[in-house]
Amino acid sequence: MTPVRDQIHALLTDRRSPEARAFLLMVLRYVEHRVGVLRGRRYGDLLGPVDAEEIVAEVGMKLVNGALARFRGNDLPELLAYVRTITDRCTGRLARRHLREHRASQDLLDTSAAHAGSLPRPDAEIEVLCPFTERDQAYLLALLEAGSRAEYARLQGQSRAAVTRMVQRIRDRIEALSADQRMAAQVWLEQQAREIVSRRSELAEAG
């Protein structure tokens, strides 16, 4: 066997040995570097640091769970080229998934907040029976207070992708409601957004 194939064999035979761990860490450092390059060149708006960690972990799992066993090269440059292909595919797939989620759920809340400032305020607010669960209400109110998914993610220390996924799940639950309940959901969102905008305006005037 060549040295690289010896190292792969050692890793697949005993992952806990110091040599195997050092070899795997070397490969994962390359994966981490490659993901950083891809984020900088192509996916900076779609992938954050948490996503990068997820990709490195996914590639590592693929390598030790079959991909390395299928490698047919003989030297380190061939191995790194092989790993780069796997990394590029995993990175591109996650970026495309985030893009689909963003398009599917885009501006569920931001649009309500933006519209609230321009909506004529009725003489009396309509009493609306909120169709959301208490958990969804709390999440949506926190999002509206933050002003955007990106700002909420920053405040909560979460990735934008995680916030987008939660918004999409809420959106799916809205779609499953009856027509009357969907209308009530929209009215509730607009009322809450209007109240937040009004409260901020009053604070700004007072300051």
Side-chain angles (χ1 to χ4, degrees), residues 35 38-39 42-59 61 90-207:
V35 173
L38 291 172
R39 286 182 59 213
R42 303 181 189 176
Y43 307 123
D45 293 337
L46 291 171
L47 302 176
V50 175
D51 298 310
E53 293 175 3
E54 179 181 332
I55 294 166
V56 173
E58 180 183 359
V59 174
M61 291 298 295
C90 290
T91 304
R93 183 165 55 248
L94 184 59
R96 289 190 295 273
R97 190 180 82 199
H98 285 352
L99 184 60
R100 288 194 300 270
E101 290 172 347
H102 175 73
R103 287 173 175 171
S105 63
Q106 66 182 350
D107 298 333
L108 169 63
L109 301 176
D110 298 345
T111 298
S112 294
H115 285 172
S118 61
L119 289 173
R121 186 179 182 89
D123 293 336
E125 290 286 358
I126 301 172
E127 186 71 24
V128 176
L129 181 62
C130 179
F132 297 112
T133 64
E134 290 185 3
R135 180 183 177 186
D136 284 352
Q137 285 184 53
Y139 196 90
L140 292 168
L141 285 172
L143 273 170
L144 287 169
E145 288 283 0
S148 70
R149 290 188 296 273
E151 179 63 11
Y152 178 85
R154 187 188 69 79
L155 293 172
Q156 298 297 320
Q158 299 179 6
S159 69
R160 285 177 296 175
V163 176
T164 298
R165 285 194 291 272
M166 183 61 182
V167 172
Q168 179 59 39
R169 285 193 286 271
I170 294 175
R171 187 185 182 92
D172 290 341
R173 289 195 282 273
I174 293 174
E175 292 299 321
L177 298 173
S178 67
D180 289 345
Q181 288 177 315
R182 287 198 300 273
M183 178 63 70
Q186 183 63 30
V187 171
W188 183 85
L189 277 169
E190 291 177 354
Q191 285 186 355
Q192 300 306 315
R194 185 186 294 112
E195 289 178 7
I196 290 170
V197 171
S198 176
R199 186 164 63 251
R200 287 177 178 169
S201 297
E202 291 173 358
L203 289 173
E205 292 174 359

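Values in this document were obtained by computation on a predicted structure and should not be read as measured data. Here, residue 1 is the first one in the sequence, and each next residue gets the next number.
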Using 0.5 Å steps for rounding, measure from the [atom1] atom of [X] to the [atom2] atom of [Y].
X	Y	atom1	atom2	answer
I55	L94	CD1	CG	5.0 Å
Q158	Y152	CD	OH	5.5 Å
L140	E145	CG	CD	12.0 Å
I170	E175	CD1	CD	13.0 Å
E58	D51	CD	CG	11.5 Å
R165	R160	CZ	CZ	12.5 Å

Applying side chain to side chain contact (heavy atoms under 4.5 Å, CB included) to R182 and Q186, what does each step give before you reach the verdict?
CA-CA 6 Å; R182 287 198 300 273; Q186 183 63 30; over 6 Å; no
Under the 3.5 angstrom rule, does the side chain of E151 hit a backbone N or O of A146 as a donor-acceptor pair?
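Checking the backbone N and O of A146 against the side chain of E151, no donor-acceptor pair under 3.5 Å is found.
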Taking only residues two or more places apart in sequence, or in another chain, which ones meet E53 in a side chain to side chain donor-acceptor pair (under 3.5 Å)?
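Applying side chain to side chain donor-acceptor pair (under 3.5 Å) to E53 gives none.
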Can you confirm whether more than 12 heavy atoms, excluding those of E134, are under 6.0 Å from its CD atom?
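Not buried by this count: 12 neighbours or fewer within 6.0 Å.
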Is it true that atom CZ of R42 has more than 12 heavy atoms of other residues, nucleotides or ligands lying nearer than 6.0 Å?
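It does not: R42 CZ has 12 such atoms or fewer within range.
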Identify the heavy atoms of Q192 and L141 that sit nearest to each other, and give their distance.
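Closest approach of Q192 to L141, heavy atoms only: OE1-CD2, 3.4 Å.
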To check you understand the geometry: which heavy-atom pair defines the closest contact between V163 and Y139, and what is its length?
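That would be CA-OH, 3.7 Å.
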Can you list the steps and then say if L144 with L189 is a side chain to side chain contact (heavy atoms under 4.5 Å, CB included)?
CA-CA 9 Å; L144 287 169; L189 277 169; 4.3 Å; yes
Side chain to side chain contact (heavy atoms under 4.5 Å, CB included), paired with P131, selected from D180, L177, D136
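The side chain to side chain contact (heavy atoms under 4.5 Å, CB included) with P131 is passed solely by L177 among D180, L177, D136.
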Side-chain heavy atoms of R97 within contact of R93, under 4.5 Å:
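Side chain of R97 against side chain of R93, heavy atoms only: no contact under 4.5 Å found.
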